[in-house]
Participant: 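Pasting a structure here, questions to come.
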Amino acid sequence: MTMRREANFFDLLRVVAAAAVVVGHAWPLLGIGGVPTYAGISIHHLGVYVFFTISGYLLARSWSRAPQPLPFLTRRVFRIFPALVVTVVLTTFAIGPVATAMSAKDYWGNPQAWGYLQGVALMPTYELPGVFHSNPSPAVNGSLWSLGPEFCCYLALVALGLLTHRVSAVMRVGTAVGLAVAIFAVPITGTLRTTLIAVVFFAIGSLMAELPAKFRIPAWMIPILVVVPLFFESAIGVIATWLLLPIAIVTLGGKRSRFATWFHRGGDPSYGMYLWAFLVQQIIIGQFGVLPLWSNIVVVLALSAALGYLSWHLVEKHAIATGASLAKRVWQWQVSGRSSAVVRS
């Protein structure tokens with residue numbers, strides 16, 4: 001029941017995804033138009049979609065190895081929430097009071113300050129009183145939006161996993177196809193569209209876990225799969241990305257090498273990067289003004305990577321170990337309870 005991180009390229013891909021989110025957010029946070037796109041997808045959204053694809057794939061594999069709802073969800077809770085709680089609490093009680101243009105009395109007397117704590121329950125609000133209101137965007141941490149939908153995907157994976165294996169797979173295919181049709185046929189726009197596209201990527205990633213090894217593509221095809229969607233835009237671009245990019249991600253992610261082993265040893269800073277980068281970008285803009293675009297990106301990448309590693313070593317790896325230990329105890333308790341019931345019967 002213990003979850004171990006494998007020394008492959010998934011760690012690096014997650015860091016690349018987090019970096020894509022950092023780079024993509026630079027344009028809107030600096031008040032600049034023309035954010036880079038991939039197949040018509042904003043690069044920061046693409047980073048989120050890579051996260052969802054990897055999560056779908058790895059968690060479907062995890063569920064197939066140990067299809068026990070309570071242990072599975074215990075591990076997920078300890079993976080997502082501890083670092084999130086640290087981020088939201090420090091933002092509210094340490095960064096907000098320093099960065100606000102209000103007095104301490106007005107800051108703490110504003111319900112918006114206390115409302116920001118809803119983020120620990122995956123119901124984020126995006127502004128704090130008097131914080132970053134002179135920036136091009138007043139949002140404190142716009143990246144938190146994706147955590148609620150992702151956790152809902154975890155719950156859906158468990159719910160479908162309680163059905164037969166074949167029914168679960170069919171339902172995930174149906175969900176992906178149904179959402180894809182709805183997105184373009186309705187059509188759905190805005191935040192809801194971005195969220196549903198991410199859910200489709202999660203479903204496709206989970207379905208990739210069902211394919212036997214003989215259906216995996218050779219490594220030389222990965223660049224082709226990555227490049228082909230670049231020739232399309234709009235709906236066709238999204239569809240091409242759905243069909244091709246998850247195959248490239250899973251194929252490359254599963255590869256092993258000395259570099260992957262070396263990178264793995266340092267830990268996984270990607271979640272911490274994702275949690276802190278938006279806030280770091282806003283602090284830099286608030287303190288130093290609108291820096292040249294690439295200067296901003298380089299500084300934010302360096303600082304958010306450092307915070308990501310701190311988050312991993314100070315919070316996340318310990319929380320993961322605690323979650324794995326507790327999940328094992330829950331599993332043992334369930335086995336013991338079933339054994340006792342058999343004896344009594």
Side-chain angles (χ1 to χ4, degrees), residues 1-8 10-15 17-18 48 50-91 117-124 141 143-144 146-162 168 198 202 205-206 209 253 263-276 307-338:
M1 299 295 296
T2 301
M3 298 298 296
R4 294 192 179 98
R5 292 169 53 242
E6 298 180 9
N8 50 38
F10 280 118
D11 279 355
L12 181 59
L13 286 175
R14 280 189 288 255
V15 170
V48 173
V50 172
F51 274 120
F52 271 71
T53 302
I54 294 173
S55 290
Y57 175 74
L58 293 180
L59 294 184
R61 290 184 62 200
S62 173
W63 175 262
S64 68
R65 290 192 296 265
Q68 302 293 330
L70 285 179
F72 180 89
L73 291 175
T74 298
R75 291 192 295 270
R76 290 298 92 213
V77 165
F78 277 85
R79 181 66 184 102
I80 292 293
F81 285 95
L84 173 63
V85 170
V86 169
T87 303
V88 172
V89 169
L90 284 179
T91 301
L117 294 172
Q118 294 175 187
V120 303
L122 304 179
M123 297 183 293
N141 197 338
S143 294
L144 301 184
S146 71
L147 301 181
E150 185 169 0
F151 196 78
C152 288
C153 286
Y154 302 165
L155 297 176
L157 186 65
V158 171
L160 293 176
L162 296 175
S168 172
F202 184 94
S206 73
F263 190 84
H264 171 87
R265 288 173 183 161
D268 180 5
S270 60
Y271 185 43
M273 286 179 66
Y274 185 80
L275 288 176
W276 285 102
L307 288 171
Y309 277 109
L310 282 175
S311 178
W312 172 260
H313 288 289
L314 296 180
V315 180
E316 295 170 49
K317 72 176 184 180
H318 303 294
I320 291 170
T322 300
S325 176
L326 184 58
K328 184 177 181 180
R329 292 183 183 182
V330 170
W331 176 73
Q332 290 172 337
W333 172 74
Q334 289 179 317
V335 171
S336 175
R338 286 195 293 267

Participant: By side-chain contact (heavy atoms from CB on, under 4.5 Å), which residues pair with Leu73, not counting sequence neighbours?
Facilitator: Leu155, Val158
Participant: Give a yes or no answer on whether the side chain of His318 reaches the backbone of His313 with a donor-acceptor pair at less than 3.5 Å.
Facilitator: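 Side chain of His318 to backbone of His313: a pair is present.
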Participant: Mind checking what makes side-chain contact (heavy atoms from CB on, under 4.5 Å) contact with Ser311, not counting sequence neighbours?
Facilitator: Ala83, Glu316
Participant: Mind checking the CD-CZ spacing from Glu150 to Phe51? Nearest 0.5 Å is all I need.
Facilitator: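 Glu150 atom CD to Phe51 atom CZ measures 8.5 Å (nearest 0.5 Å).
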Participant: Side-chain contact, heavy-atom cut-off 4.5 Å: Asp11 with Val15?
Facilitator: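 No; the side chains remain at least 4.5 Å from each other.
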Participant: With a 4.5 Å limit on heavy-atom distance, are the side chains of Leu162 and Pro69 in contact?
Facilitator: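 In contact.
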Participant: Using 0.5 Å steps for rounding, measure from the CZ atom of Arg76 to the SG atom of Cys153.
Facilitator: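 Nearest 0.5 Å value for the CZ-SG distance: 12.5 Å.
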Participant: Partners of Phe52 by ring-ring contact (aromatic ring centres under 6.0 Å, His included), sequence neighbours excluded?
Facilitator: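 With neighbours one apart ignored, the set is empty.
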Participant: Applying side chain to side chain donor-acceptor pair (under 3.5 Å), name anything that partners Ser270, two or more places apart in sequence or on another chain.
Facilitator: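 Per chain and number, Ser270 pairs via side chain to side chain donor-acceptor pair (under 3.5 Å) with Asp268.
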Participant: Sequence neighbours excluded, which residues qualify as ring-ring contact (aromatic ring centres under 6.0 Å, His included) partners of Tyr154?
Facilitator: Phe151
Participant: May I ask you to check whether Phe202 and Tyr57 place their ring centers less than 6.0 Å from one another?
Facilitator: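 No: the rings miss the under 6.0 Å criterion.
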Participant: How close do Gly148 and Leu122 get, counting heavy atoms only, and between which atoms?
Facilitator: CA-CB, 4.0 Å
Participant: Under the side-chain contact (heavy atoms from CB on, under 4.5 Å) test, which residues partner Leu70, sequence neighbours left out?
Facilitator: Val330, Gln334
Participant: Hey, is the main chain of Ser143 close enough, under 3.5 Å, to the side chain of Tyr274 for a donor-acceptor pair?
Facilitator: yes
Participant: Tell me, please, which residues at least two apart from Arg329 pass salt bridge (charged side-chain N to carboxylate O under 4.0 Å, His left out).
Facilitator: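 Salt bridge (charged side-chain N to carboxylate O under 4.0 Å, His left out) check on Arg329 returns nothing, list empty.
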Participant: Please give me the minimum heavy-atom distance between Leu307 and Trp276, naming the atom from each residue.
Facilitator: CD1-CB, 3.9 Å
Participant: Atom CG of Asn141 and atom OG1 of Thr87: how far apart are they, to the nearest 0.5 Å?
Facilitator: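 OG1 of Thr87 is found 7.5 Å from CG of Asn141.
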Participant: Are any non-hydrogen side-chain atoms of Trp312 and Pro269 less than 4.5 angstrom apart?
Facilitator: no
Participant: The criterion is side chain to side chain donor-acceptor pair (under 3.5 Å); which residues satisfy it with Thr74, sequence neighbours excluded?
Facilitator: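 Here no residue qualifies.
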Participant: Who are the side chain to side chain donor-acceptor pair (under 3.5 Å) partners of Thr53, not counting sequence neighbours?
Facilitator: none
Participant: Apply side chain to side chain contact (heavy atoms under 4.5 Å, CB included) to residues Tyr271 and Leu147 and explain how you reach the verdict.
Facilitator: CA-CA 11 Å; Tyr271 185 43; Leu147 301 181; 3.9 Å; yes
Participant: What distance do Leu157 atom CG and Ser62 atom OG have between them, rounded to the nearest 0.5 Å?
Facilitator: 9.0 Å
Participant: Suppose we screen for side chain to side chain donor-acceptor pair (under 3.5 Å). Which residues come up paired with Ser168, at least two apart in sequence or across chains?
Facilitator: Arg172
Participant: Which atom names give the shortest non-hydrogen contact between Ser146 and Val48, and what distance separates them?
Facilitator: CB-CG1, 4.1 Å
Participant: Please examine the side chains of Phe78 and Leu326, heavy atoms only from C-beta on, and report whether any two atoms are closer than 4.5 Å.
Facilitator: yes
Participant: Which residues pass the side-chain contact (heavy atoms from CB on, under 4.5 Å) test with Val86, not counting sequence neighbours?
Facilitator: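 Partners of Val86 under the side-chain contact (heavy atoms from CB on, under 4.5 Å) test: Leu90, Val315.
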Participant: Please find the pair of heavy atoms, one from Ala324 and one from Arg75, that lie closest to each other, and give the distance.
Facilitator: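 Heavy atoms only, the tightest pair is CA-CG, 4.3 Å.
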